[in-house]
Amino acid sequence: MADTSAAATSHHAAAGGVTKRDFLQLIALSGAAIGAGAIAWPLIDSMNPSKDVLALSAVDVDLTPVTEGQGITIVWQGKPIFVRHRTAAEIKSAQDVKLSDLIDPQADAARVKQGHDQWIVLIGICTHLGCVPLGNKPSDPRGDWGGWFCPCHGSQYDTSGRVRHGPAPLNLALPPYAFTSDTKIKVG
Amino acid sequence: MAGLHKSEFANPVVNWIDTRLPIFTMMQKEYAVFPTPKNFNYLWNFGALAVVTLTVMILTGIFLAMNYQPNTQLAFGSVQHIMRDVNYGWLIRYVHQNGASMFFIVTYIHIFRGLYYGSYKTPRELLWMMGVVILLLMMATAFMGYVLPWGQMSYWGATVITNLFSAFPIVGPKIVTLLWGGFSVDNPTLNRFFALHYLLPFVLVGVVFLHVAALHITGSNNPLGIDVKSPQDTVPFHPYYTAKDSIGICVFLAIWAAFVFFAPNVLGDPNNFIPANPLQTPADIVPEWYFLPYYAILRSVPNKLLGVCMMFGSLLVLFVLPWLDTSRVRSARFRPVYRWLIWVWVAAFVVLGYCGMHKPEGIYVVLSRLATIYYYLHFLVILPILGKLERPLPLPESISQPVLGRRGGGPLPGTAAAKPMEKA
């Protein structure tokens, strides 16, 4: 083997310890690592939701067809969203509950938008194991608290979507939404 | 335990793995200390560039396949979805599209190196033949890949090329129906082209592995075309050729990036921005640039079957090249006549490519016929005869000898004396 090959595999450190060769190796390796990252990131990011999926991440809902006492189900980001127009009795029964009676204490006022407490908007997925509870159709069972009843394992929710009878551990979740006018909401 | 590999590595984790599956020893042997001729020029970079290209094509292809729809109703739109909506989709698509061209540039230069320096000669005949298999696989893959966007040129190129097989007597039309899966290029065709386009690159990886394995048995050729005579003729692959290849890779990626970022569609056909229309043929049906020479050969013959045979023959003749060339000298550097004849052949190949771009009429027909004749003449007549008649230049004694002189050489004034040649 030519003599130079021996020098290639072992470097003789100068008195200071770190040689120019070490520096060059570090720079070369760092450059390659940065290059590899620059190549990897666009490939990985291409797996993130694309622009058309992100465009569907918000849904507008017109509330005018929903009469008092009626509930509808819309789809948002692939999930069912319950929108119910509560009657005065339903609102009162939701507000008059003692927080210490609740499995997952939360005041009704914290679950509706100020000035619009006749509208309850919930993610319609049971917090136990993920079934869609019944209660939006007039013929559906609504459970003992007049809200929703999950047929899978018997969880029951009240008119504020709070869990009143297990095995569900938590209240029905609230999606992010806002009133864009008195009769329209934007979910997401 | 008898039979287990005795690993030399100090690191305990590396040692544990290496004892059970000696990949580290293998990498050390084949890519670190591997004795490589020390006189490579940059033409020897192109095999490594091809492997880099293949890797990038597979990576970008897999991520494209996550968003592509192989259905005639959806394909064109899915490509636009990739370009417009998928994060960095435009980048992945352009890298893949221009990567196909880069792959062929790199491979054609790699093949030229083989032709010029006689790398196909004994004992590397099988290495060369596997290379021809790789070229054929690349062409099949590229052809099918071009159909996938389902543009006008995708559809009509597929129609023309699949129709070629109808030239075969008796079974021709049945073969075409089998390829199509129907009565014309349509959804079944597109679907199977996608499946095969995804498959063939992995077959390619396997053949490339065999190609490199065969190379490591015979050792590399070198610009002088003479065998390695002693360890002094070689350097370890690492760090010499890892460094040199790194430079080549950087330059290559820069050129590829220049296409991707500044002229991504310059090598493509504008017709492919029009969705496929089976009822309307474009004015000119032209394949991608890397197929143009073969397209010209195909169209130079007025007979359909003969044209097909001449086109496939132009590739098949490469298989038997090691036996056609009778010269005992490998490198063109020492073959004064072959040295310029090979460039005449390259000129014929380029002329064929140029003719392939134009309609087969007038001067282009004449030129493509002359160039096709010369193409075959070179392999079937010139090379067999030339080997017998040509007087080669005297070969150097060894790779080191031109540098070190006959017995290590005398020192130049004021410099150190070179060590005498080591025994092998």
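Lettering of chains follows the sequences in order, A, B, ..., and the numbering in each one begins at 1.
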Query raised in the report: Does anything in residues 85-99 of chain B get under 4.5 Å of chain A by heavy atoms, and if so which residues?
Result: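 Expected list: B:Asp85, B:Val86, B:Asn87, B:Tyr88, B:Leu91, B:Ile92.
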
[X] atom [atom1], over 12 foreign heavy atoms within 6.0 Å:
| X | atom1 | value |
| --- | --- | --- |
| A:Asp182 | CG | no |
| B:Phe202 | CZ | yes |
| A:His165 | NE2 | no |
| A:Lys51 | NZ | yes |
| B:Glu8 | CD | no |

Query - Set of disulfide bond (SG atoms under 2.5 Å apart) partners for B:Cys250, sequence neighbours left out - result: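 Expected list: none.
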
**Report entry** 4.5 Å side-chain heavy-atom contact, B:His81 and A:Ser50
**Finding:**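 Yes, close enough: below the 4.5 Å cut-off.
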
